[in-house]
Amino acid sequence: MADRILTDEIWVAVAPLLPGKDGDPGCHGRDNRLFLEAVFWIARTGAPWRDLPAEFGKWYTTYTRYHRWEKKGVWPRIVAELHKGGAAELRYDAAGLRWAHGAASVAPVSRGGAQGKAA
């Protein structure tokens, strides 16, 4: 199972902000918590949607729902709530939702040097 970031405390904080919960008009999301975990997995890994692990459900359904929420303006509210609680390093801008990797968390990559040379 992929790593999860939504603790019960974080979930309680963001759940009321999400569309598709009981009491909302229209369709209800089957599992908003799992959906958020799927989107956070994509944001963290930078993987293409097609590489979403099957444990999160169908990739295209998740992708479509992500974009519906984007049109509704849900992601900025979620990110703002997560930042209030200091719960996640997510950013949302015109390019979409992404994990904000700090400089210290990304190892430098060597591009050149001794590649192809015998040791």
Side-chain angles (χ1 to χ4, degrees):
M1 180 170 273
D3 291 336
R4 305 295 173 103
I5 68 159
L6 283 176
T7 63
D8 290 340
E9 181 179 275
I10 296 169
W11 174 245
V12 167
V14 295
L17 304 174
L18 310 178
K21 60 190 171 300
D22 289 336
D24 285 352
C27 294
H28 300 286
R30 285 190 185 152
D31 188 345
N32 275 343
R33 190 170 183 167
L34 183 64
F35 168 69
L36 280 181
E37 289 288 3
V39 172
F40 294 161
W41 186 89
I42 291 291
R44 267 194 332 264
T45 64
W49 287 99
R50 289 180 189 261
D51 290 347
L52 185 69
E55 71 189 71
F56 293 117
K58 296 177 182 176
W59 75 266
Y60 190 75
T61 302
T62 304
Y63 166 82
T64 302
R65 191 171 175 194
Y66 168 82
H67 284 289
R68 285 183 184 149
W69 283 23
E70 193 169 44
K71 288 178 185 177
K72 291 180 180 181
V74 175
W75 294 113
R77 293 192 313 254
I78 293 171
V79 170
E81 186 63 34
L82 292 174
H83 284 210
K84 266 200 294 189
E89 296 182 14
L90 285 171
R91 299 289 179 261
Y92 183 81
D93 57 25
L97 188 67
R98 58 191 83 256
W99 206 258
H101 298 285
S105 66
V106 179
V109 176
S110 176
R111 303 260 186 225
Q115 284 183 345
K117 294 182 181 179

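- Considering all non-hydrogen atoms of both residues, Pro16 and Val12 come closest at CD-O, 3.3 Å.
- Contact between Pro19 and Lys72 at its shortest, heavy atoms only, is CB-NZ, 4.3 Å.
- Checking side-chain atoms of Trp75 against main-chain N and O of Tyr66 turns up a donor-acceptor pair under 3.5 Å.
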After noting the C-alpha distance and the side-chain angles of Val74 and Arg77, does the key distance pass the side chain to side chain contact (heavy atoms under 4.5 Å, CB included) rule? CA-CA 5 Å; Val74 175; Arg77 293 192 313 254; 3.5 Å; yes
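- Results of the side-chain contact (heavy atoms from CB on, under 4.5 Å) test with Trp69 over Leu36, Thr64, Val39 single out Leu36 as the only residue that passes.
- Note that the NZ atom of Lys58 and the CZ atom of Arg65 stand 14.0 Å from one another [nearest 0.5 Å].
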Would you sort out whether Trp41 and Thr62 count as a side chain to side chain contact (heavy atoms under 4.5 Å, CB included), showing the intermediate values? CA-CA 11 Å; Trp41 186 89; Thr62 304; over 6 Å; no
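- When the salt bridge (Lys or Arg N to Asp or Glu O under 4.0 Å) test is applied to Arg68, no partner is found at least two apart in sequence or on another chain.
- A pairwise comparison of heavy atoms in Tyr92 and Leu97 identifies CD1-N, 3.6 Å as the closest pair.
- For Arg33 (side chain) and Leu6 (main-chain N/O), a donor-acceptor pair under 3.5 Å exists by modelled atom type.
- The shortest heavy-atom contact between Leu18 and Ile78 is CD2-CD1, 3.4 Å.
- Evaluation of the ring pair (Phe, Tyr, Trp, His ring centres under 6.0 Å) rule for Tyr63 yields Trp49, Tyr60, His67 as partners, not counting sequence neighbours.
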Applying side chain to side chain contact (heavy atoms under 4.5 Å, CB included) to Asn32 and Trp11, what does each step give before you reach the verdict? CA-CA 10 Å; Asn32 275 343; Trp11 174 245; 3.6 Å; yes
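- Taking CG from Leu52 and CD1 from Ile42, the interatomic distance works out to 5.0 Å, rounded to the nearest 0.5 Å.
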